[in-house]
Amino acid sequence: LTSAFGVAAARVMTCDPSVASGALSVIEEGVVVVDAGRIAYVGPRAGAPEGVSIEEFGERVVTPGLVDAHTHACWVGSRHAEYAARMKGDGYQAIARAGGGILATHRAVAAASEECLVQALVARLRRMASLGVTTVEVKSGYGLAAAHERKQLAAMARARDAPGVPAIVATLLALHALPPGVTDRAAFVARVAGAFVPSVAAEGLARFVDAYVDEDAFSVAEARAVAEAARASGLGVRLHVDQFADVQGAELAASLDAASADHLEHVSASGIAALARAQVVAVLLPVASFTLGQPPPPVAALREAGVRLAIASDSNPGTAPTESLTLAMALAVRLYALSPDEALLGVTRHASAALELRDRGVLRVGARADLVVWDLPHEHAIVQPWGVAKTLSVRVEGREIFRAAGS
Ligand code: NIG
Ligand code: FE
């Protein structure tokens, strides 16, 4: 254990049932020892390896690094005027039909250089890191046309090398809106499925493919064609489903063995049963339903059916103008009636499952040393609506990507 170091605190939330009992498997007076980017020890102080320098955090809590499993963080521009119009009564879907919404951000992204996207993305990801996020899924989907979609994915790849950012999981949001000027939907979808998805996969630019399956968006048949192309190219599938209407998007996600089905405000009973059977993770996006003034998804029925619940920020300039996963947790508790334990699992173990990542979201020997020290005395305090960073130290593979000033 040459390069090893440790952190100690009154509470270490492991989320690993093999380490400790209780919903969050908390170790009291615990130590986490990190060696070469991995966890080498997690347990009581008494059992910690000797000769390792340990930083003492006292009456604080240590958790796995948070995983934000659904964001659209690669964008530029501003949609503040649309927000004001919506507060005066204009509808989100009506604004989109009139050429605003996704198309407004598309115009800004299409006009931006790759370098400009990298800068905006990196700045945003650093702010996310300061709030405790160590892995973030980022979707394309504002480029719409192949060249601009590729530019977004290239910006994500470059952002990985910047200091102070979480690990990035790139998703090609292949069907988000029709590019301006495209009138032949069928030909567009066929081109995306037949040519664009395979080439993105071959270039290693994305790990997942996503599609927006909803009324005024894409149909189940269109999304199925693109998702099957993703599968055939070795990529995973995650889907935006049933946000504005029940279009049987959840049933589609289940039939495709998708990693996640996201939104679900209008999911049907049969959709819930299908998600449970196929063990698809439900990604809840409470900032979006809060911003749109929508009622919550049927959380009690999802829970009852045994569907794992993840929570994500949905960070985007239209329906979720936030960068804060902790705000999403607070709203999941306040508006969706998740328990604090559910909210915490929703951004750790279950969020990792939603991204098909087995090496994080828990503090366990051998897992990545992605962890957060919170300036809070208990893990349940994390879900209160602070609106500010309550982190002291945030580490990715042992490397500190954020440290609170003066700590
Ligand atoms: O997840 N629902 C579609 N896509 C985004 C919103 C995108 C936008 O308005 O820019 C969402 O809510
Ligand atoms: Fe989204």
Side-chain angles (χ1 to χ4, degrees), residues 68-83 85-86 90-110 112 117 120 124 136-144 148-149 152 169-180 208-219 222-223 237-245 247 249-250 253 258-267 281-294 296-297 310-323 325 328 331 351 354-355:
D68 193 342
H70 180 139
T71 86
H72 306 253
C74 186
W75 59 277
V76 290
S78 177
R79 307 244 296 270
H80 55 276
E82 278 183 16
Y83 186 75
R86 289 206 327 260
D90 291 4
Y92 176 77
Q93 287 166 293
I95 289 172
R97 282 193 292 266
I102 293 165
L103 290 178
T105 300
H106 158 71
R107 288 187 289 273
V109 166
L117 287 179
R124 209 165 273 133
V136 58
E137 186 258 14
V138 183
K139 302 174 195 298
S140 64
Y142 290 120
L144 305 183
H148 298 306
E149 284 291 306
Q152 281 195 290
V169 175
T171 295
L172 169 64
L173 176 44
L175 299 180
H176 201 197
L178 280 185
F208 290 98
V209 169
D210 192 346
Y212 179 19
V213 189
D214 220 312
E215 78 181 10
D216 289 345
F218 290 88
S219 71
E222 290 165 336
V237 173
R238 47 200 327 101
L239 295 173
H240 283 70
V241 296
D242 306 335
Q243 180 185 12
F244 291 96
V247 297
S260 72
D262 305 34
H263 280 294
L264 299 164
E265 278 80 348
H266 292 88
V267 67
V281 179
V283 177
L284 306 179
L285 305 165
V287 180
S289 59
F290 165 73
T291 304
L292 293 166
Q294 290 182 321
I311 301 163
S313 70
D314 199 14
S315 182
N316 78 66
T319 62
T322 186
E323 296 162 350
L325 184 54
L331 293 183
L355 294 176

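Counting convention: from 1, in listed order, for ligands and their atoms alike.
- With contacts defined as side-chain heavy-atom distances shorter than 4.5 Å, the pair Thr291/Arg86 qualifies.
- Near ligand 1, residues His70, His72, Arg79, Tyr92, Ile102, Tyr142, His176, Tyr212, His240, Gln243, His263, Asp314, Asn316, Gly318, Thr319 each place a heavy atom inside the 4.0 Å sphere around the ligand atoms.
- Of the inter-residue distances, the one linking Leu144 atom CG with Ile102 atom CD1 reads 8.0 Å to the nearest 0.5 angstrom.
- Taking 4.5 Å as the limit, some side-chain heavy atom of Asp242 sits within range of a side-chain heavy atom of Val247.
- Counted within 6.0 Å of OH on Tyr92, heavy atoms from surrounding residues, nucleotides or ligands total more than 12; the atom is thus considered enclosed.
- Across all non-hydrogen atoms, the minimal contact from Pro321 to Gly318 is CD-O, 4.0 Å.
- Note: His72 and Tyr142 have tilted aromatic rings, judged against thresholds of 30 and 60 degrees for the angle between ring planes.
- Counting heavy atoms from C-beta on, the side chains of Gln243 and Leu292 come closer than 4.5 Å.
- Counting only heavy atoms from C-beta outward, the side chains of His70 and Lys139 approach each other to under 4.5 Å.
- Ring pair His240/His176 is tilted by interplanar angle, where 30° to 60° counts as tilted.
- Distances from the Fe ion (ligand 2) under 2.8 Å pick out these protein N/O/S atoms: His70 NE2, His72 NE2, His240 NE2, Asp314 OD1.
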